Number of protein chains: 2
Amino acid sequence: MQVTKTLDYAVRSLTYMGHQPVEKHSMKEISQEQHIPLNYLAKIMRRLVKKGLVRSSVGPAGGYTLRKLPNEINLRDIYEAIEGEIRMVECMDKDSICALYERCPQLPVWDRIQLSMIKILEDTTLEDMLRERKTVTLNQVN
Amino acid sequence: MQVTKTLDYAVRSLTYMGHQPVEKHSMKEISQEQHIPLNYLAKIMRRLVKKGLVRSSVGPAGGYTLRKLPNEINLRDIYEAIEGEIRMVECMDKDSICALYERCPQLPVWDRIQLSMIKILEDTTLEDMLRERKTVTLNQVN
DNA sequence: ATATTATGGAGTCATGAAGTCCACAATGAG
DNA sequence: CTCATTGTGGACTTCATGACTCCATAATAT
């Protein structure tokens, strides 16, 4: 039940791009600014492109741009782009116990947790996180 | 962000024992009834004993008993007995980015999710899960 | 005494996260 | 046109961890 490094990288890259949403950002730039291994970032960006979160252009002066405004991209989108569908439990031991003479008493619990998680993820946009950052920065300056 | 099989086994064993909370249940019995590999269950039970959730006695007619009533054992206890402290994020890249010129804009989000998760886990007791099971069983009979 | 039950710890196996490498494709600048 | 720059696709490596297995040992009821 952990946030993977890969997801962390993705979120960081996107928040970074969200700073100037219209500009193009090269992989190299993102990698350096956010301290993400270049080759690994490449892999991550591919997924984000494929899932339609960012647009890419190749060649010199190529790079990535957000496809939507920061307030239109929520964390669920990002999560699912990287990790796939959100699911906390695989139903285990399908054949014998669960199916036959009792139903899993745990499932409702994990379901509730999962739902509340999804809701929070959906309610949080890139913009929220950008705001978070600016506030903190300002606090630190004062 | 997955419920491990180990945790599943633990919860299932405990709900099973919660059925007759005072009785002693041998590992073999639990293993067979719940379809959990005996040797692996041994490992899990050790943790539950060490963390004070169940009491054990060895020798013939030995076995395990719940140390508290089912309504006094919540899922957080079980979770932490098996997986250790609940924590969704390790703060990554501690040295450079986070600490120096900005604070992580993601942290508040993961915190919120984690808190809501913990709350639900705490609010759910073994008894709740037992009730769940009985209800379902009755439904199936009718 | 002995069979039964739990304890402790080492060892195995498979999977997946995290990261590396490299050959290839697109494209803007001179 | 060509060449340096930037992204794409995929194979490969490394390491940690979950999910077991095995075995030798300790306690104890009969």
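Predicted model, so just to flag it, every value in this text is computed and none were measured. In the text below, chain A, chain B and the rest are named by the order of the sequence lines, each starting its count at 1.
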In a table with atom names and distances, give each donor-acceptor pair under 3.5 Å that connects a side chain of residues 39-64 of chain B to protein atoms at least two apart or in another chain.
from, atom 1, to, atom 2, distance (Å)
B:Y40, OH, B:T6, OG1, 2.7
B:R47, NE, B:A81, O, 2.9
B:R47, NH2, B:A81, O, 3.3

Checklist entry - In the 5'-to-3' direction, what one-character label does each nucleotide of nucleotides 3-16 of chain C receive under the scheme B = base within less than 4.0 Å of a protein heavy atom, S = sugar-phosphate only, - = no such atom? => result BBBSSBBBB-----

Checklist entry - Does B:Y40 put a side-chain nitrogen or oxygen below 4.0 Å from OP1 or OP2 of D:dC22? => result no

Checklist entry - Among D:dA19, C:dG19, D:dT21, which nucleotide sits nearest the side chain of B:P37? => result D:dT21

Next on the checklist: Checking side-chain polar atoms at under 3.5 Å, does B:W110 have a donor or acceptor matched by the opposite partner on B:Q114?
Outcome noted: no

Checklist outcome for this item: Whole-Å distance, A:I36 CD1 to D:dG7 P, equals 13 Å

Checklist entry - Under 4.0 Å between a side-chain N or O of B:T6 and OP1 or OP2 of D:dA19? => result yes

Checklist outcome for this item: A:L41 CG to C:dC21 P, in whole Å, measures 16 Å

Checklist entry - To the nearest Å, how far apart are A:K24 NZ and C:dG28 C1'? => result 10 Å

Next on the checklist: Under a 3.5 Å distance rule, please check whether A:S31 uses its side chain to pair with a backbone N or O of A:P37 as donor and acceptor.
Outcome noted: no

Side-chain donor-acceptor contacts of residues 115-123 of chain A below 3.5 Å, not counting sequence neighbours, with atom names and distances?
from, atom 1, to, atom 2, distance (Å)
A:S116, OG, A:I113, O, 3.2
A:S116, OG, B:S116, OG, 3.0
A:K119, NZ, A:D123, OD2, 2.8
A:E122, OE2, A:R76, NH1, 2.4

Item to check | Flag side-chain contact, heavy atom, 4.5 Å: B:Q106 against A:D8 | outcome: yes

Item to check | Value in whole Å for how far the C1' atom of D:dG18 lies from CD1 of B:I82 | outcome: 13 Å

Item to check | Nearest-angstrom distance from the residue atom NZ of B:K5 to C1' of D:dT21 | outcome: 14 Å

Checklist entry - Atom CG of B:L7 and atom C1' of D:dT17: how far apart are they, to the nearest Å? => result 16 Å

Next on the checklist: Whether the side chain of A:E127 engages the backbone of A:P70 through a donor-acceptor N/O pair (distance < 3.5 Å, no angle test) should be reported.
Outcome noted: no

Next on the checklist: In this structure, how many angstroms lie between the C1' atom of D:dT6 and the CD atom of A:E29, rounded?
Outcome noted: 13 Å

